[in-house]
Amino acid sequence: MPELRLHNSLTRRREVFVPIDPGHVRMYVCGPTVYDLAHVGNARPVVVYDVLARLLRRLYPRVTYARNITDVDDKINARATASGEPIAAITARTTADYHADMGALGALPPDVEPRATGHISDMIDIAQRLIASGHAYAADGHVLFAVPSFNDYGKLSGRNRDDQIAGARIDVAPYKRDAADFVLWKPSPAELPGWDSPWGRGRPGWHIECSAMSHRVLGESFDIHGGGADLIFPHHENEIAQSLCAFPGSQFARYWLHNGMLNINGEKMSKSLGNFFTVRQVLAMAPGEAIRMMLLRGHYRAPIDFSENGLADCRKELDRFYRAVERTPAAPSAEVPASVMDALCDDLNTPLAISALHALADAAMAGDAQASADLQAGAQLMGFLQSTPAVWFQGNDDSSWIDTAIADRIAARKARDFARADAIRAELLAKGILLEDGAGGTTWRKA
RNA sequence: GGUCCGGUGGCAGAGUGGUGAUGCAGAGGACUGCAAAUCCUCGAAUGCCGGUUCGAUUCCGGCCCGGACCUCCA
């Protein structure tokens with residue numbers, strides 16, 4: 001097995017991955033805040049870390065992949081206030097939608113999926129530890145993390161405290177001792193979700209939940225922490241501060257991975273800019289695997305641009321893979337080929353891995369059954385070729401009307417009535433059905 | 001202003017101190033009644049200026065351009 005190397009945001013370089021416990025690799029990824037449907041940009045980390053989890057499972061005997069659900073958050077509260085729908089209904093529905101959408105992109109569920117509301121006591125516990133050790137203080141019903149108490153603050157994001165102050169664009173709350181201090185716990189009025197705490201009824205700040213949940217499900221120190229590049233500051237910086245101060249002597253996460261943003265017309269896709277497509281909208285434009293391909297054909301740390309043309313290209317690439325395995329059935333024994341494995345182990349070089357898949361598809365197309373098997377194994381490690389050629393090309397809908405039309409056309413061709421034959425073909429194409437006359441007869445696929 | 005990441009053929013996108021992958025699109029050909037698919041062939045790129053080097057797209061410096069973060073954000 002090749003050596004796995006990953007770019008660590010903490011050191012800004014590619015490092016050989018050495019797990020804390022080779023018998024059990026642990027990874028945490030920041031999951032969604034469940035207040036609305038996920039957009040394609042939200043799906044990028046899910047797909048990227050899904051590939052990483054699949055790869056880790058192949059390299060190590062046991063992997064625990066944890067991804068949280070944030071179900072207590074001011075945006076959820078705002079949504080409930082605006083729509084009148086109960087918070088619990090919003091979070092339950094959005095969580096189910098999220099699971100369905102990510103499943104449609106071929107992402108396997110994480111091994112554990114902690115919910116913030118299930119770990120409030122863990123958060124309170126961490127806040128108490130931080131107060132006890134002088135890293136946090138209670139003020140005005142809030143509990144704040146004292147940033148000056150942590151010397152390494154800013155290490156991940158490359159920021160120093162002077163920058164913080166110079167760049168501060170928000171009013172500093174009066175109860176903060178330092179402008180950079182952030183909220184661990186805040187008071188909650190009766191109409192909003194709240195839990196009893198030593199500081200009165202309240203709810204958690206944003207950053208504390210990931211520290212609490214990762215600690216609970218993975219332990220004080222674990223191997224990999226992933227998330228979007230836009231979370232580096234302040235979210236991950238704050239997580240590091242909280243966790244390292246709450247659990248002295250621990251390492252928290254050893255390798256930090258950050259995926260680049262999904263852009264649209266050169267700009268980051270985001271809810272606040274309004275320039276987003278939900279995963280559902282995009283699933284109406286292309287199959288899930290094509291969307292997955294679009295998210296994996298660029299390196300995970302680079303920005304990628306979303307476009308319908310790009311999506312169409314991805315579908316064509318997958319067409320060829322499916323055609324190759326259809327034309328030459330896979331030999332019985334298959335290993336993930338070294339070309340794919342090596343590419344993925346080199347900081348998840350999915351574009352290179354995909355090009356390796358193309359080489360295998362060429363060989364499979366030429367009749368190499370072993371190449372077909374290797375193509376299948378390599379593609380499936382990346383979450384491709386999860387369907388069968390028949391379903392990929394034709395779907396599951398009733399197609400008897402197509403068969404009827406094809407029979408008519410065959411009769412016309414036999415009579416050398418090509419005008420009639422071409423008319424039938426054009427008619428079907430107008431309905432999205434493309435005919436192919438091969439040596440073995442006429443077949444069809446969705447255009 | 002600060003921090004960080006990029007600029008490769010028409011588009012997408014890798015690798016590499018020594019004649020620049022891969023996919024899509026395009027051109028020509030084979031096959032086909034015509035298409036589609038497949039196969040063969042072809043054209044086409046490393047932002048600018050310096051430096052190091054026998055040699056730089058790759059390393060270093062400067063510049064220009066783009067983007068992200070510094071505020072909720074995957």
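FYI, side chains are in, hydrogens and waters are out, and symmetry mates aren't considered; it's all heavy atoms of this structure. Lettering follows sequence order; numbering is per chain, from 1.
With hydrogens and angles left out, the side-chain atoms of Glu113(A) and Asn68(A) include no donor and acceptor closer than 3.5 Å.
G20(B) sits 30 Å from A30(B) when the C1' atoms are compared, rounded to a whole Å. Spacing of P atoms, A21(B) relative to C63(B), comes out at 33 Å, to the nearest Å.
Residues of residues 272-280 of chain A that place a heavy atom closer than 4.0 Å to RNA chain B, in numerical order, are Ser272(A). Contacts between residues 65-81 of chain A and RNA chain B, defined by a heavy-atom separation below 4.0 Å, involve Lys75(A), listed by number. Of the residues in residues 281-290 of chain A, none has a non-hydrogen atom less than 4.0 angstrom from any atom of RNA chain B.
Among the protein residues, Ile354(A) comes within range of no part of the nucleic acid, since none of its heavy atoms lies under 4.0 Å from any strand. When heavy atoms are screened at a 4.0 angstrom cut-off, Leu231(A) is found touching the sugar-phosphate backbone but no base atom. Lys268(A) comes within 4.0 angstrom of a base, heavy atoms only. As judged by a 4.0 angstrom heavy-atom cut-off over every strand, Gly310(A) is placed among residues making no nucleic acid contact.
Here Arg425(A) pairs with Asp422(A) in a salt bridge; the nearest charged N to carboxylate O distance falls below 4.0 Å. A salt bridge is defined here as a Lys NZ or Arg NE, NH1 or NH2 lying under 4.0 Å from an Asp or Glu carboxylate O, and Arg413(A) with Asp417(A) fails to meet this definition. With respect to the salt-bridge test (charged N to carboxylate O, under 4.0 angstrom), the residues Arg203(A) and Asp73(A) do not qualify. Taking a cutoff of 4.0 Å between a charged side-chain nitrogen and a carboxylate oxygen, Glu237(A) and Arg159(A) do not qualify as a salt bridge. Under a 4.0 Å N-O distance rule, the pair Lys446(A)/Asp397(A) does not qualify as a salt bridge. Under 4.0 Å is where a charged nitrogen must lie from a carboxylate oxygen, and between Arg409(A) and Asp437(A) at least one such pair does.
With U22(B), C24(B), G67(B) as the choices, the nucleotide that has an atom nearest any side-chain atom of Ser355(A) turns out to be U22(B). Taking only side-chain atoms of Arg44(A), from C-beta outward, the nucleotide of A74(B), C70(B), U22(B) with the closest atom is A74(B).
For the pair Asp230(A)/Met261(A), a side-chain contact is recorded, criterion being any heavy-atom separation below 4.5 Å from C-beta on. Considering only heavy atoms from C-beta on, Leu156(A) comes within 4.5 Å of Ser9(A) through its side chain. Residues Phe252(A) and Glu239(A) have side chains in contact (heavy-atom distance under 4.5 Å, counting atoms from C-beta outward).
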Under 3.5 Å between N/O atoms: give me all the protein pairs with nucleotides 5-13 of chain B, atom names plus distance.
residue : atom : partner   : partner atom : Å
A12(B)  : O2'  : Arg297(A) : NE           : 3.3
A12(B)  : O2'  : Arg297(A) : NH1          : 3.2
A12(B)  : O2'  : Arg297(A) : NH2          : 3.3

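You'll find the ring centres of Phe321(A) and Phe384(A) outside the 6.0 Å limit. Aromatic ring centres of Phe306(A) and Phe277(A) lie closer together than 6.0 Å.
Residue Leu360(A) comes nearest to Pro337(A) through the heavy atom pair CD1-CG, 3.5 Å, listed as atom of the first residue, atom of the second, then distance.
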Heavy-atom protein contacts under 4.0 Å, nucleotides 30-43 of chain B, coded B base, S sugar-phosphate only, - none: ---BBBBSSS----
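In this structure, Lys268(A) fails the cation-pi test against Phe276(A), since its NZ or CZ atom is not both closer than 6.0 Å to the six-membered ring centre and inside 45 degrees of the ring normal. Figure legend: Arg254(A) and Phe222(A) shown without cation-pi pairing, the cationic atom not lying both under 6.0 angstrom from the six-membered ring centre and within 45 degrees of its axis.
Looking at RNA chain B, the stems built from 3 or more consecutive Watson-Crick or G-U wobble pairs, each pair with its key distances under 3.5 Å, are B:1-7 with B:64-70, B:10-12 with B:22-24, B:26-30 with B:38-42, B:47-51 with B:59-63.
Within the structure, every side-chain polar atom (N or O) of Asn309(A) is placed at least 4.0 Å from both OP1 and OP2 of C24(B). For the OP1/OP2 pair of A25(B) and a distance below 4.0 Å, the side-chain nitrogens and oxygens of Lys316(A) include at least one atom meeting the criterion.
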Please lay out, stage by stage, how Arg5(A) and Asp347(A) fare under the test side-chain contact (heavy atoms from CB on, under 4.5 Å). CA-CA 5 Å; Arg5(A) 300 192 306 155; Asp347(A) 197 29; 5.6 Å; no
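Place Met269(A) and His358(A) on RNA chain B by their nearest nucleotides, and His358(A) ends up nearer the 5' end.
Ring-plane geometry between His225(A) and His236(A) is classed as perpendicular, the angle between the planes exceeding 60 degrees on a 0 to 90 degree scale with a lower cut at 30. Ring geometry for Phe150(A) versus Phe145(A): interplanar angle over 60°, hence perpendicular rather than tilted (30 to 60°).
Under a cut-off of 6.0 angstrom, the local environment of CZ in Arg216(A) is sparse, with at most 12 non-hydrogen atoms contributed by other residues, nucleotides or ligands.
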